[in-house]
There are 2 protein chains.
Amino acid sequence: MARREEARHRPGGRTPLDRATVLAAAVAMADAEGTAGVSMRRLADRLGFAVMALYNHVRSKDELLALMVDAVAAEVPPPDPGLPPMAAVRAHALDTRAAFVRHPWAPPLWLESLPGPERVDHMEALLAVLARSGLDPETAHHGFHAVNNHVIGYTLQEQAMAFPADDLADRVAVFLASVSADTHPLTVAHVHEHLGGRTESSFELVLDLILDGLVRRG
Amino acid sequence: MARREEARHRPGGRTPLDRATVLAAAVAMADAEGTAGVSMRRLADRLGFAVMALYNHVRSKDELLALMVDAVAAEVPPPDPGLPPMAAVRAHALDTRAAFVRHPWAPPLWLESLPGPERVDHMEALLAVLARSGLDPETAHHGFHAVNNHVIGYTLQEQAMAFPADDLADRVAVFLASVSADTHPLTVAHVHEHLGGRTESSFELVLDLILDGLVRRG
DNA sequence: AGGGTGCAGCGTACGCTGTACGTTGTCAAG
DNA sequence: CTTGACAACGTACAGCGTACGCTGCACCCT
């Protein structure tokens with residue numbers, strides 16, 4: 001009876017795989033090495049099982065990737081109902097961004113796979129806050145996209161330069177070497193403004209600009 | 001002498017490959033079947049050459065992909081110097097979006113590869129317009145990102161649902177089937193607003209909202 | 001005119017990928 | 001004790017990117 005709860009396992013072997021274990025290992029692997037580093041074989045190796053054992057728990061690699069991004073969506077806390085609506089939208093955007101920063105491989109997949117259940121909850125939550133914000137329905141509709149696009153677009157753009165994690169400086173250096181300050185002074189200056197480190201505040205600043213615009217529109 | 005200009009070719013065979021031909025074929029192939037459909041083997045087959053012949057003109061597949069996105073950047077016309085600055089920014093954003101609509105496979109690559117020469121021109125052009133817009137330098141810096149993120153983020157998000165080209169309806173149907181109107185009424189309603197067709201105007205509307213916000217900020 | 005050189009095209013081969021299929025061993029239920 | 005379900009596994013296949021070495025043509029220099 002209590003045994004029933006216990007996963008059944010063969011006596012000689014370790015406890016069998018299950019879906020959640022596979023998913024967790026895949027997320028960990030992607031966090032460490034990016035999406036490109038995740039292959040079914042490497043994943044199975046790390047878990048100590050044969051490749052095809054994974055397919056007893058996951059229909060295909062595509063399904064696994066979809067589960068992974070849904071797991072990231074699940075990490076975003078629901079909007080705080082105690083906050084004024086637009087403040088809740090703002091906080092929700094920051095929380096979403098934080099999840100993307102923890103899992104830099106997620107934004108591209110987020111765009112490519114259809115939303116799973118967790119992501120639908122994420123959508124519904126944002127739409128609900130917008131609905132009680134006093135914005136007229138059409139503005140709310142556009143606001144949903146404006147906020148989402150900003151969060152995803154910004155994070156994507158930023159991490160394209162910085163992933164895998166530590167070669168940011170290398171990539172910037174390679175890039176700068178390919179651009180002449182004579183013919184493209186503004187581009188070079190722009191990159192140097194980033195090296196000055198004001199990147200982080202830019203996300204919130206543009207977000208506020210969008211939110212203000214929505215509110216003013218009514 | 002005139003012969004010198006003529007590409008040298010072997011008498012029995014067709015004119016040899018060159019970099020531009022490979023690039024053009026790759027772009028055409030991606031337009032038709034998406035990035036996933038482009039493999040070096042298939043590309044070589046279509047050109048009537050052996051696989052390894054391609055590598056005489058392109059260092060690697062990654063380089064080829066980078067060239068492809070740079071080719072898309074080259075399609076964006078430079079901002080019209082006759083326009084008032086912010087109107088030119090707006091037009092440039094629309095032109096960039098148009099190029100992405102013609103080549104739906106481009107936005108993800110745009111984010112993943114370092115900018116090539118054409119894309120650097122694209123950056124410099126936008127920065128130049130912003131520089132003569134009267135915005136203060138910090139606002140201009142943020143405006144560059146705000147506009148870029150909107151263009152890329154919006155197009156990416158939109159085409160994630162619609163690519164390959166014709167199965168938009170299918171994907172929407174599959175998605176709607178997975179969402180209950182009881183538990184997620186706002187999500188379902190939001191999707192139906194899209195089916196009503198106001199998607200296209202949303203891009204420009206949010207763009208204007210961002211541009212207004214920048215101008216007001218000074 | 002003849003020899004040398006460089007380079008485009010090519011064939012082969014390697015290591016990697018996702019996954020279809022069939023077998024095996026162990027459990028729980030009848 | 002038998003039976004059925006099912007997780008794990010081994011094998012195999014088609015496809016990928018690309019390193020390497022060979023071949024033969026077109027040119028340049030003598």
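A note on names: the letters A, B, ... follow the listed sequences, proteins ahead of strands, and every chain is numbered from 1. Only a predicted model underlies this, so the values are computations on that prediction, with no experimental measurement involved.
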Basic-acidic side-chain contact under 4.0 Å: A:Arg102, A:Asp31 |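 Salt bridge absent between A:Arg102 and A:Asp31.
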Does the pair A:Arg97/A:Glu204 count as a salt bridge with the N-to-O cut at 4.0 Å?
->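 A salt bridge is absent here (no side-chain N lies under 4.0 Å from a carboxylate O).
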I need the [atom1]-[atom2] distance between [X] and [N], as an integer number of Å.
| X | N | atom1 | atom2 | value |
| --- | --- | --- | --- | --- |
| B:Asp45 | C:dC10 | CG | C1' | 13 Å |
| B:Asn56 | D:dG21 | CG | P | 16 Å |
| B:Arg42 | D:dG17 | CZ | P | 10 Å |
| B:Glu33 | D:dC16 | CD | P | 11 Å |
| B:Leu43 | D:dG15 | CG | P | 17 Å |
| B:Arg19 | C:dA8 | CZ | P | 12 Å |
| B:Leu47 | C:dG9 | CG | P | 10 Å |

Reckon B:Arg59 touches a base, only the sugar-phosphate, or nothing at all at heavy-atom distances under 4.0 Å?
->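 Nothing, no nucleic acid heavy atom in range.
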Verify the ring-centre separation between A:His141 and B:His190: is it less than 6.0 angstrom?
->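 Under 6.0 Å, so yes.
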Is B:His57 near enough to C:dG9 that one of its side-chain N or O atoms lies under 4.0 angstrom from OP1 or OP2?
->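 Yes, within the criterion.
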Minimum-distance nucleotide to [X] side chain [options: [options]]:
| X | options | answer |
| --- | --- | --- |
| B:Leu17 | C:dC10, D:dC9, C:dG9 | C:dG9 |
| B:Arg41 | D:dT18, C:dT19, C:dC10 | D:dT18 |
| B:Met52 | C:dT17, C:dG11, D:dG10 | C:dG11 |
| A:Tyr55 | D:dC16, C:dG18, C:dC10 | C:dG18 |
| B:Met40 | D:dC9, D:dG17, D:dA8 | D:dG17 |

Regarding A:His92 and A:Asp80, is there a side-chain donor-to-acceptor distance under 3.5 Å anywhere?
->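 On atom types as modelled, these side chains do not qualify, holding no pair under 3.5 Å.
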Can a donor-acceptor pair be found between the side chains of B:Thr96 and B:His122 at a distance below 3.5 Å?
->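 The answer is yes; a qualifying pair exists.
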Taking all atoms of both residues into account, what is the closest heavy-atom pair of A:Leu54 and A:Leu17, and its distance?
->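 Result for this residue pair: CD2-CD2, 3.9 Å.
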Closest contact, heavy atoms only, B:Ile210 versus A:Leu209 =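 Looking at all heavy atoms of both residues, the closest pair is O-CD2, 3.5 Å.
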Near DNA chain D, under 4.0 Å by heavy atom, which residues of residues 60-67 of chain A?
->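 Close to the strand, none.
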